[in-house]
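These notes are about the structure you will find just below.
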2 protein chains.
Amino acid sequence: MKLTEGVEWAVHCCVVLSQAEGPVSTTRLAEFHGVSRTYLAKHLQQLSRAGLVRSTPGRDGGYELTRPAAEVTLLEIVQAVDGAESAFRCTEIRQRGPLAASKEVCRKACGVAQAMAAAERAWRTSLAGVTVADLAAGVTADVGPATFDRLRGWLADA
Amino acid sequence: MKLTEGVEWAVHCCVVLSQAEGPVSTTRLAEFHGVSRTYLAKHLQQLSRAGLVRSTPGRDGGYELTRPAAEVTLLEIVQAVDGAESAFRCTEIRQRGPLAASKEVCRKACGVAQAMAAAERAWRTSLAGVTVADLAAGVTADVGPATFDRLRGWLADA
DNA sequence: GTAACGTGGATAAGTTCTATCCGCGATACT
DNA sequence: AGTATCGCGGATAGAACTTATCCACGTTAC
């Protein structure tokens, strides 16, 4: 089981956007995080399509959060970038083979699929309990409030 | 985020093994589930290496559970087949770029990684709460107790 | 001795992830 | 008007992983 690396990039970008005062361009976000500009652009477009960020085209354009940081959950970011499909996909093994279960029995989900789904619900619930604001507060607690001031200063520099 | 398809095969195999009276061969398990024999063999070897099943070589050989079904959890099977690595891998983005965090600050895990780890713990806890015996009981409840009798009969047939 | 079995390695095809480039339309400054 | 900067979507290519098969080997029962 593996999440795409873009998830990490996107989450960090959202934290940065939560601290910015205006739109932040892909170029700036990529430079700040030390990652590929062209590839990060793809992930930001996914956030945009998911409605988590708003984009401003043209010069001085860029991205900003569409909602307050306290209303953007980790789950939303993960699903925007990695997709919302469940990790386990039931291929209905029980309907194959010599002792295949009947169609009628299989209207109800197989027990394995149910257990897997329950685990994924627990995972999603946990992620839904963390917001971008929480993550930003964590950074402040860990490295001090001056960090985001320096970030804003760096973003303001041409 | 995606689990390999082998996970589904392996779980169903463990349920079958919990109902068998002796070793069940790869050939029989593959036939029963209607899946590729050679590929299923690989997954069964993973279960064997993880110590969840014991293998008997030679004619009349095959696999059997090493423990009572009530003591084999879904989590163990998933991790045996899919690996125990966490889905989210922190690449320490915060240590890159122009405002890179210092090494000292980074002895503590980044907040994003912590939140992701908590979610995966919730997922694992959920999976660890389901045993092969639970899954077998679910089958009995869903399709009736005769199902496993038919399975044992089929396994006994040459 | 022979047939059935698990094991590990080599191999190959298919799919997804990572990454880049291009042309397009939008915007701001000169 | 012209130009530089921006986001958007499509095409593309390489890397990594998943899926699948085959073979040589040692083991066991008849």
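Heavy atoms only: backbone and side chains are in, while hydrogens, waters and symmetry mates are out. Chain letters run A, B, ... following the sequence lines, proteins first, then strands; residues in each count from 1.
- Within residues 40-48 of chain A, the residues that place at least one heavy atom under 4.0 Å from DNA chain D are, in residue-number order, K42(A), Q45(A), S48(A).
- D60(A) meets the salt bridge (Lys or Arg N to Asp or Glu O under 4.0 Å) test with no other residue; sequence neighbours excluded.
- The terminal axes of the helix from dG1(C)-dC30(D) to dT30(C)-dA1(D), fitted over 5 pairs per end, subtend an angle of 10° to the nearest 10°.
- At a threshold of 4.0 angstrom between heavy atoms, the contacts of T38(A) include nucleobase atoms, whether or not backbone atoms are also involved.
- For the pair T56(A) and Y39(B), both in contact range of DNA chain D, the more 5′-proximal nearest nucleotide belongs to T56(A).
- Annotation: proximity of residues 5-27 of chain A to DNA chain C (heavy atom, distance under 4.0 Å) is found for E5(A), W9(A), numbered in ascending order.
- Of the inter-residue distances, the one linking W9(A) atom CH2 with L44(A) atom CG reads 10.0 Å to the nearest 0.5 angstrom.
- Between chain A and DNA chain C, the heavy-atom contact criterion of under 4.0 Å yields a 5' to 3' nucleotide range of dC17(C) to dC29(C).
- Looking at residues two or more places apart in sequence or on another chain, you find no ring pair (Phe, Tyr, Trp, His ring centres under 6.0 Å) involving F148(A).
- Between G58(B) and G58(A), the residue anchored closer to the 5' end of DNA chain D is G58(A), taking for each the nucleotide with the nearest heavy atom.
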Please list every donor-acceptor pair under 3.5 Å in which a side-chain atom of residues 116-125 of chain A meets a protein atom from a residue at least two apart or in another chain.
| unit_1 | atom_1 | unit_2 | atom_2 | d |
| --- | --- | --- | --- | --- |
| E120(A) | OE1 | A87(A) | N | 2.9 |
| E120(A) | OE2 | A87(A) | N | 3.1 |
| E120(A) | OE2 | F88(A) | N | 3.0 |
| T125(A) | OG1 | R121(A) | O | 2.8 |

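- Counting any heavy atom pair closer than 4.0 Å across all strands shown, R37(A) reaches no nucleic acid atom.
- Qualifying salt bridge (Lys or Arg N to Asp or Glu O under 4.0 Å) partners for R89(A), counting only residues two or more places apart in sequence or in other chains: E85(A).
- Legend: side-chain hydrogen bond (donor to acceptor under 3.5 Å, both in side chains) pairs involving residues 128-142 of chain A, not counting sequence neighbours, sorted by first then second residue: T131(A)-D134(A), D142(A)-K108(B).
- Identified under the salt bridge (charged side-chain N to carboxylate O under 4.0 Å, His left out) test for residues 72-84 of chain A, with sequence neighbours left out: R67(A)-E76(A).
- Remark: E64(A) pairs with R54(A) by the salt bridge (Lys or Arg N to Asp or Glu O under 4.0 Å) rule, at least two apart or across chains.
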Quick one: which protein N/O atoms are closer than 3.5 Å to N/O atoms of nucleotides 13-16 of chain D? Pair and distance per line, please.
none

